[in-house]
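Below is one structure, written out as structure tokens, with a few remarks after it.
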Amino acid sequence: MSTLAHTMMTAARAADSGLVGPGELDRYPYAEASVADRVGTPTWEGADPELGRVGRRTAGSRGRGLHGQLVQQLGQMIVSGDLGADRPLVPEEIGQRFEVSRTVVRESLRVLEAKGLVSARPNVGTRVRPVSDWNLLDPDIIEWRAFGPQRDDQRRELSELRWTIEPLAARLAAGHGRDDVQQRLSDMVEIMGHAMGQGDVLTFSRADAEFHSLLIQMAGNRMLEHLSGIVSAALQVSGGPVTGCDRPTETSLGQHGRIVDALAAGDGAAAEAAMRQLLTVHPEVERVVPAPREH
């Protein structure tokens with residue numbers, strides 16, 4: 001096993017055991033909230049009862065800090081529909097409910113406003129915005145939707161979007177690859193192979209996410225590169241086998257290897273074809289995205 005593979009597998013196991021490094025973003029989906037978190041929690045005095053349905057989950061937001069925890073909590077509640085459109089959010093009540101300072105509340109609402117989830121206006125206050133105003137390409141919103149009531153729609157939409165983005169990125173990357181990035185892609189395939197042999201799904205998924213992110217960056221298209229975070233989010237929130245990347249298999253590993261070989265040969269058509277095959281390993285995708293037409 002290479003040093004890189006060993007390091008990545010060790011880091012993945014540490015994160016899986018709860019030993020998360022500084023700045024890493026854990027994922028604690030809304031759907032996993034315990035009954036105790038959602039039932040019998042005191043409501044905010046004077047506020048709508050639905051605002052108190054989800055309690056503080058400090059264990060479920062470790063590594064985020066108070067500000068990050070509050071963004072996560074309120075974001076989940078909005079996206080899940082617990083806080084419906086045009087619902088007023090009173091900072092003082094939020095602070096009391098979650099036992100955080102006015103500064104933490106203010107900064108958290110600013111983050112949610114930047115994501116399009118809430119709006120703040122003079123003499124009106126802060127209110128929840130309708131779905132049509134949300135930034136649906138924001139990785140956090142992708143995550144929250146994927147583990148909420150809209151999970152099926154979110155995963156279908158992500159699959160369709162990946163089918164649009166990644167084959168094109170693979171074709172373009174064949175003409176723009178640098179040796180160091182090409183080597184890094186090969187390293188990721190090696191890591192995925194070692195991880196699969198050891199049944200290490202976490203390391204496999206992390207190497208897979210980096211593979212796809214690097215590939216999009218290689219395309220030499222800044223607009224496509226801007227979408228790499230969406231692909232990473234899609235890989236992280238796929239709760240079931242939707243594409244060939246969602247679980248370690250020999251077929252998936254082989255397709256990743258064929259993509260690397262095609263890129264090394266500068267064969268854009270082969271790289272695109274291999275990516276399409278990778279994204280349709282499972283028949284579920286064929287019901288979502290039609291097979292490419294024969295020309």
Side-chain angles (χ1 to χ4, degrees), residues 1-5 8-9 158-198 200-201 203-236 238 241-295:
M1 183 189 303
S2 69
T3 302
L4 177 61
M8 197 163 183
M9 294 175 79
L158 284 172
S159 294
E160 293 172 348
L161 190 58
R162 289 187 64 193
W163 247 76
T164 302
I165 295 171
E166 295 194 75
L168 173 60
R171 173 183 284 274
L172 295 176
H176 293 86
R178 303 195 316 265
D179 290 342
D180 57 335
V181 180
Q182 182 75 32
Q183 182 59 51
R184 184 72 178 178
L185 286 172
S186 298
D187 290 341
M188 291 303 105
V189 174
E190 179 189 357
I191 291 169
M192 291 164 67
H194 284 302
M196 186 173 67
Q198 297 189 20
D200 188 347
V201 178
T203 297
F204 184 97
S205 64
R206 290 191 173 190
D208 188 22
E210 182 166 346
F211 179 97
H212 289 268
S213 179
L214 284 170
L215 183 63
I216 292 176
Q217 292 172 31
M218 281 180 65
N221 183 307
R222 291 184 179 180
M223 296 187 73
L224 277 179
E225 185 175 344
H226 185 70
L227 299 177
S228 63
I230 299 171
V231 174
S232 295
L235 289 165
Q236 290 164 356
S238 55
V242 177
T243 73
C245 304
D246 293 331
R247 60 184 176 184
T249 65
E250 290 288 351
T251 303
S252 170
L253 186 65
Q255 295 293 356
H256 283 85
R258 279 187 276 279
I259 292 171
V260 171
D261 292 341
L263 294 177
D267 189 339
E272 179 179 2
M275 179 60 77
R276 290 191 184 280
Q277 290 175 350
L278 173 61
L279 295 177
T280 54
V281 167
H282 296 292
E284 288 90 335
V285 176
E286 295 176 353
R287 295 198 298 269
V288 173
V289 181
R293 296 179 181 178
E294 296 292 337
H295 295 288

Query raised in the report: Rounded to the nearest 0.5 Å, what separation is found between the CE atom of Met218 and the CD1 atom of Ile216?
Result: 12.0 Å
Report task. Looking only at non-hydrogen atoms, find the nearest pair between Ala262 and Ala271 and report the distance. Result -> CB-N, 3.4 Å
Requested in this report: Quick one: closest heavy-atom pair of Leu224 and Ala219, and the distance?
Outcome: CD1-CB, 4.3 Å
Query raised in the report: So do the side chains of Met188 and His256 get within less than 4.5 Å of each other, counting heavy atoms only?
Result: no
Report task. Quick one: closest heavy-atom pair of Arg162 and Val231, and the distance? Result -> NE-CG1, 4.0 Å
Query - SB check Glu272 Arg276 (cutoff 4.0 Å) - result: yes
Query raised in the report: How far does CG of Leu215 sit from CG of Leu263, to the nearest 0.5 angstrom?
Result: 6.0 Å
Report summary line: Here the gap from Thr164 atom OG1 to Leu227 atom CG, rounded to the nearest 0.5 Å, amounts to 10.5 Å
Query raised in the report: Can you name the one residue among Asp179, Asp187, Asp180 that meets side chain to side chain contact (heavy atoms under 4.5 Å, CB included) with Gln183?
Result: Asp187
Report task. State the OG-CD distance between Ser228 and Glu210, to the nearest 0.5 angstrom. Result -> 11.5 Å
Query - Minimum side-chain heavy-atom gap Gln217-Ser213 below 4.5 Å - result: yes
Requested in this report: Nearest 0.5 Å please: distance from the CG atom of Asp200 over to the NE2 atom of His194.
Outcome: 12.0 Å
Query raised in the report: So, do Glu166 and Ile259 sit near enough that their side-chain heavy atoms are less than 4.5 Å apart?
Result: no
Report summary line: Smallest heavy-atom separation, Phe211 atom then Val189 atom, equals CE1-CG2, 3.7 Å
Query raised in the report: Got Arg171 and Met275 here, is their nearest side-chain heavy-atom distance under 4.5 Å?
Result: no
Query raised in the report: Quick one: does Thr203's side chain get under 4.5 Å of Arg206's, heavy atoms only?
Result: no
Requested in this report: Enter the distance from Asp208:CG to Met196:CE here, rounded to the nearest 0.5 Å.
Outcome: 11.5 Å
Query raised in the report: Shortest non-hydrogen contact from Phe204 to Ser252?
Result: CZ-OG, 4.2 Å
